[in-house]
*Asks:* 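Okay, here's the structure, questions in a sec.
Residues take their numbers from the sequence shown, with the count starting at 1. Every value quoted in this text rests on a predicted model; they were computed, and no experiment measured them.
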Amino acid sequence: MTDAATRARELQRQALVIDGHSDILIPVTDGKMRLGDRVVVPDPLGWQPPFTATHGMNEVFGFPQHALTYGPMGQYDIPKLVDGGVTVQICAIYIEDGQLDWSLKRGLEMTWALHQAVAENPGFELVTTAADIRRIKREGKTGAILSFEGFEPLGSDLRLLDLYYKLGLRVASLTHVRRTPFADGCYAADQPGGLTELGKQAVKRMNELGIVIDLVHIGWPAFWEVIGLTTAPVILSHSTSTQFPDENTEAGALGSIPRPHLDPQRDRAVLEAVAKTGGVLGIIWFYQRDVDTVIRDIETALDIMGPDHVGLGSDLYGLELAPPGLEDISKVPVLTQRLVERGHSDETILKFLGGNYLRVFEQVWK
């Protein structure tokens, strides 16, 4: 074993590893898998779908059929979290277009699915405090944080945010890409609007409850309004050194999926604003070309934001859309070793792996 590999292994052993985003609750809630089982899905190469699926994300983003069928299955489960040395995985509630008429029910079903996974797996816990994270690490367990990817589960009733908080919600974004009663997402309109009055009340209530505000997917006007209103650090849980896709996408045969594209001149103000709140950018793996481009994203963010404001934000969804070498969450040690080889300090790497998220949680959570 090389010196770099030995050092990387020791850092993984020490680290509180926190990943910023996974959609694994979708297939768990749909009954396609159990979170405690090690899931293996067919290789996309040569795979033929049993039927042609229609799907909201397929229409909007052009997801390939394998990703539509299996989603993040085979990329996140408790055994893979353990293999990757992951202390805590943030697990999102996301409402599909076809579920909007029963979004409250769907949100509660997804919440139940996570609570049920905790009940079924003694080494797996629902995390609601920073102390939980430190204890889970000491005890050699792993855990999950419940998050919203869009406020659709609330409908237009902000009172339900308090209910979800009692059920474990600790991170939330106001929007996915669509419009909600709270704000416009980044694809809601050609010229998206900002926060509604209800959205402004939501920012205040999240600050009061101690829910971390996630600004991923939100439209530009609302992004800047939240930055101006929040009294607590904010995060971008799964993004690149640019929050939004480049205008010249390189999706090719995969339709209109936006490939992450770095434009520090365009996005420096966004990253600096997040850092100024004390927040964190979680670096996405989804649809990156390879490990080198993920490392480039990390290092660009480190240069702009500094070592206190960069973390993990994998957001894997489909094997075809994962960078070779980072096919599932068990591959976190690959990034650790590459950062060691690139000459980054132990302190910087430990902060990136989870220390920065933990600091935010300690500041925000009550």
*Asks:* May I ask you to test the Val216-His21 pair for a side-chain heavy-atom distance under 4.5 Å?
*Replies:*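 No, side chains not in contact.
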*Asks:* With side-chain contact (heavy atoms from CB on, under 4.5 Å) as the test, would you mind laying out the steps for Ile26 and Met110 before giving the verdict?
*Replies:* CA-CA 7 Å; Ile26 295 174; Met110 296 181 80; 3.8 Å; yes
*Asks:* Salt bridge check: are Arg338 and Glu299 linked by an N-O gap of less than 4.0 Å?
*Replies:*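 No, Arg338 and Glu299 are not salt-bridged.
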*Asks:* Has Glu139 got more than 12 heavy atoms of other residues, nucleotides or ligands less than 6.0 Å from its CD?
*Replies:* yes
*Asks:* Tell me which one of Arg7, Lys351, Arg13 satisfies salt bridge (Lys or Arg N to Asp or Glu O under 4.0 Å) with Asp346.
*Replies:* Arg7
*Asks:* In Å, rounded to the nearest 0.5 Å, how long is the span from CZ of Arg296 to CD1 of Ile298?
*Replies:*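 Taking CZ in Arg296 and CD1 in Ile298, the distance rounds to 11.5 Å.
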*Asks:* Between Thr142 and Val86 (side chain of the first, backbone of the second, donor and acceptor by atom type, cut-off under 3.5 Å), is there such a pair?
*Replies:* yes
*Asks:* For Pro307, does its backbone N or O pair with a side-chain atom of Asn356 as donor and acceptor, under 3.5 Å?
*Replies:* yes
*Asks:* How long is the gap from CD1 on Ile283 to CG on Asp19, to the nearest 0.5 Å?
*Replies:* 11.5 Å
*Asks:* Just so I know, are the side chains of Leu312 and Leu353 near enough to count as touching, which here means a heavy-atom distance under 4.5 Å?
*Replies:*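 Yes. Closest side-chain heavy atoms under 4.5 Å.
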*Asks:* Measuring only between side-chain heavy atoms, which start at C-beta, is Ile24 closer than 4.5 Å to Cys91?
*Replies:* yes
*Asks:* Find out whether Phe352 and Leu302 are in side-chain contact, i.e. whether some heavy atom of one side chain is under 4.5 Å from a heavy atom of the other.
*Replies:*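 The answer is no, as the side chains (C-beta and beyond) never meet within the 4.5 Å cut-off.
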*Asks:* Do Leu81 and Leu11 belong to the same hydrophobic cluster, where Ile, Leu, Val, Met, Phe, Trp and Tyr are linked whenever their side-chain heavy atoms lie under 4.5 Å apart, directly or via other members?
*Replies:* yes
*Asks:* Hey, does the side chain of Lys32 reach the backbone of Thr69 with a donor-acceptor pair shorter than 3.5 angstrom?
*Replies:*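 Judged by distance alone, yes, a pair lies under 3.5 Å.
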*Asks:* Could you tell me whether the side chain of Asp157 and the main chain of Leu154 form a donor-acceptor pair under 3.5 Å?
*Replies:* no
*Asks:* Applying side-chain contact (heavy atoms from CB on, under 4.5 Å) between His217 and each of Leu236, Leu174, Val177, report the one that passes.
*Replies:* Val177
*Asks:* Please find the pair of heavy atoms, one from Leu321 and one from Ala67, that lie closest to each other, and give the distance.
*Replies:*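 So the two residues come closest at CD1-CB, 4.3 Å.
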*Asks:* Which pair of non-hydrogen atoms, one from Asp315 and one from Phe286, has the smallest distance, and what is that distance?
*Replies:* O-CB, 3.1 Å
*Asks:* For a salt bridge (charged side-chain N to carboxylate O under 4.0 Å, His left out) check, start with the C-alpha distance between Lys276 and Glu272, then their side-chain angles and the critical distance, and finish with the verdict.
*Replies:* CA-CA 6 Å; Lys276 190 174 180 180; Glu272 290 177 344; over 6 Å; no
*Asks:* Between Pro181 and Leu198, which heavy-atom pair has the shortest distance, and what is it?
*Replies:*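 Nearest pair, atom of Pro181 first, then Leu198: O-CB, 3.9 Å.
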*Asks:* Within this structure, what is the CD-CD1 distance for the pair Glu152 and Ile93, rounded to the nearest 0.5 Å?
*Replies:* 11.0 Å
*Asks:* Is any side-chain heavy atom of Tyr164 closer than 4.5 Å to a side-chain heavy atom of Leu108?
*Replies:*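 They are in contact (side-chain heavy atoms under 4.5 Å apart), so the answer is yes.
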*Asks:* Assess whether atom CD of Glu120 is packed by more than 12 heavy atoms of other residues, nucleotides or ligands within 6.0 Å.
*Replies:*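 Above 12, so yes.
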*Asks:* When you measure from the side chain of His238 to the backbone of Ile284, do you find a donor-acceptor pair of N or O atoms at a distance under 3.5 Å?
*Replies:*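 The answer is no, because no donor-acceptor pair under 3.5 Å joins these two groups.
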*Asks:* Check step by step if side-chain contact (heavy atoms from CB on, under 4.5 Å) holds for Thr336 and Ile349.
*Replies:* CA-CA 7 Å; Thr336 304; Ile349 295 171; 4.1 Å; yes
*Asks:* Can you tell me how far CD of Glu109 sits from CH2 of Trp102, rounded to the nearest 0.5 angstrom?
*Replies:*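 Taking CH2 in Trp102 and CD in Glu109, the distance rounds to 5.5 Å.
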*Asks:* List the steps, then state whether side-chain contact (heavy atoms from CB on, under 4.5 Å) holds for Gln116 with Val28.
*Replies:* CA-CA 10 Å; Gln116 185 66 15; Val28 173; over 6 Å; no
*Asks:* Salt bridge check: are Arg106 and Asp101 linked by an N-O gap of less than 4.0 Å?
*Replies:*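 The answer is no: the pair does not qualify as a salt bridge.
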*Asks:* Could you tell me which non-hydrogen atom of Phe124 sits nearest to which non-hydrogen atom of Ala144, and how far apart they are?
*Replies:*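 Taking Phe124 first and Ala144 second, the nearest heavy atoms are CZ-CB, 3.5 Å.
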*Asks:* Can any side-chain N or O of Trp365 pair as donor or acceptor with the backbone N or O of Ala130 at less than 3.5 Å?
*Replies:*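 No: the side chain of Trp365 does not pair with the backbone of Ala130.
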*Asks:* Quick one: are Ile329 and Ser314 in side-chain contact, heavy atoms under 4.5 Å?
*Replies:* yes
*Asks:* So, using side chain to side chain donor-acceptor pair (under 3.5 Å) as the criterion, who are the partners of Thr2 when residues are at least two apart?
*Replies:*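 Listed in chain order: nothing, the list is empty.
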*Asks:* Flag yes if Leu169 and Ile218 sit in one hydrophobic cluster, no otherwise; membership is Ile, Leu, Val, Met, Phe, Trp, Tyr, and two members link when side-chain heavy atoms are under 4.5 Å apart.
*Replies:*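 Yes, same cluster.
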*Asks:* Will you find, in the side chains of Asp303 and Thr300, an N or O donor that is under 3.5 Å from an N or O acceptor?
*Replies:* no
*Asks:* As an exercise, state the distance from CG of Leu281 to CD1 of Ile235, rounded to the nearest 0.5 Å.
*Replies:*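 Output value for this atom pair is 10.0 Å.
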*Asks:* So Thr175 and Phe182, do their side chains get closer than 4.5 Å, heavy atoms only?
*Replies:* no
*Asks:* Check whether Glu327 reaches the backbone of Gly325 with its side chain - one donor and one acceptor, N or O, closer than 3.5 Å.
*Replies:*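 Such a contact is found between Glu327 side chain and Gly325 backbone.
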*Asks:* Output the distance between atom OG1 (Thr111) and atom CG (Leu167), rounded to the nearest 0.5 Å.
*Replies:*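 So the OG1 of Thr111 and the CG of Leu167 are separated by 6.0 Å.
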*Asks:* Indicate yes or no for a side-chain donor-acceptor contact from Gln75 to the backbone of Gly318 under 3.5 Å, with no hydrogens or angles considered.
*Replies:*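 Checking the backbone N and O of Gly318 against the side chain of Gln75, a donor-acceptor pair under 3.5 Å is found.
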*Asks:* Please list all pairs passing the salt bridge (charged side-chain N to carboxylate O under 4.0 Å, His left out) test where one or both residues lie in residues 62-77, with sequence neighbours left out.
*Replies:* Asp77-Lys80
*Asks:* I need the minimum non-hydrogen distance between Gly20 and Tyr357, along with the two atoms involved.
*Replies:* CA-OH, 3.5 Å
*Asks:* Within a reach of under 6.0 Å around CZ of Arg205, are more than 12 heavy atoms found that belong to other residues, nucleotides or ligands?
*Replies:*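 Buried by this count: over 12 neighbours within 6.0 Å.
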*Asks:* Answer yes or no: is there a side-chain heavy-atom contact under 4.5 Å between Ile211 and Val364?
*Replies:*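 Answer no - side chains too far apart.
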*Asks:* Kindly assign one of parallel, tilted or perpendicular to the pair Tyr70 and His66, based on the angle between their ring planes and the thresholds 30° and 60°.
*Replies:* tilted
*Asks:* Hydrophobic clusters here meaning ILVMFWY residues chained together by side-chain heavy-atom distances under 4.5 Å, can you tell me if Val171 and Leu229 are in one?
*Replies:*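 Cluster IDs for Val171 and Leu229 differ.
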*Asks:* For Gln89 versus Ser22, what's the shortest heavy-atom pair and its separation?
*Replies:*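 The answer is NE2-CB, 3.4 Å.
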*Asks:* Measuring centre to centre across the rings, with the benzene-like ring taken for any Trp, is His176 within less than 6.0 Å of Tyr94?
*Replies:* yes
*Asks:* Answer with yes or no whether the hydrophobic clustering places Val310 together with Ile18; edges join I, L, V, M, F, W, Y residues whose side-chain heavy atoms lie under 4.5 Å apart.
*Replies:*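 No.
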*Asks:* Look at the side-chain heavy atoms of Ile, Leu, Val, Met, Phe, Trp and Tyr, link any pair under 4.5 Å apart, and say whether Met73 and Leu114 land in one connected group.
*Replies:*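 Shared cluster, yes.
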*Asks:* So, are Arg359 and Glu362 salt-bridged, with charged N and O less than 4.0 Å apart?
*Replies:* no
*Asks:* Look only at the side chain of Asp214 and the backbone of Ser173, and say whether a donor-acceptor pair between them is shorter than 3.5 Å.
*Replies:* no
*Asks:* Surrounding CZ of Arg38 (heavy atoms of other residues, nucleotides or ligands, distance under 6.0 Å), is the total greater than 12?
*Replies:* yes
*Asks:* Tell me, with the steps shown, if Val274 and Leu271 meet side-chain contact (heavy atoms from CB on, under 4.5 Å).
*Replies:* CA-CA 5 Å; Val274 171; Leu271 302 180; 5.9 Å; no
*Asks:* If we ignore hydrogens and angles and just use 3.5 Å, is the side chain of Thr277 paired with the main-chain N or O of Pro233 as donor and acceptor?
*Replies:* no
*Asks:* In terms of relative ring orientation, are Phe148 and Phe151 parallel, tilted or perpendicular, with 30° and 60° separating the classes?
*Replies:* perpendicular
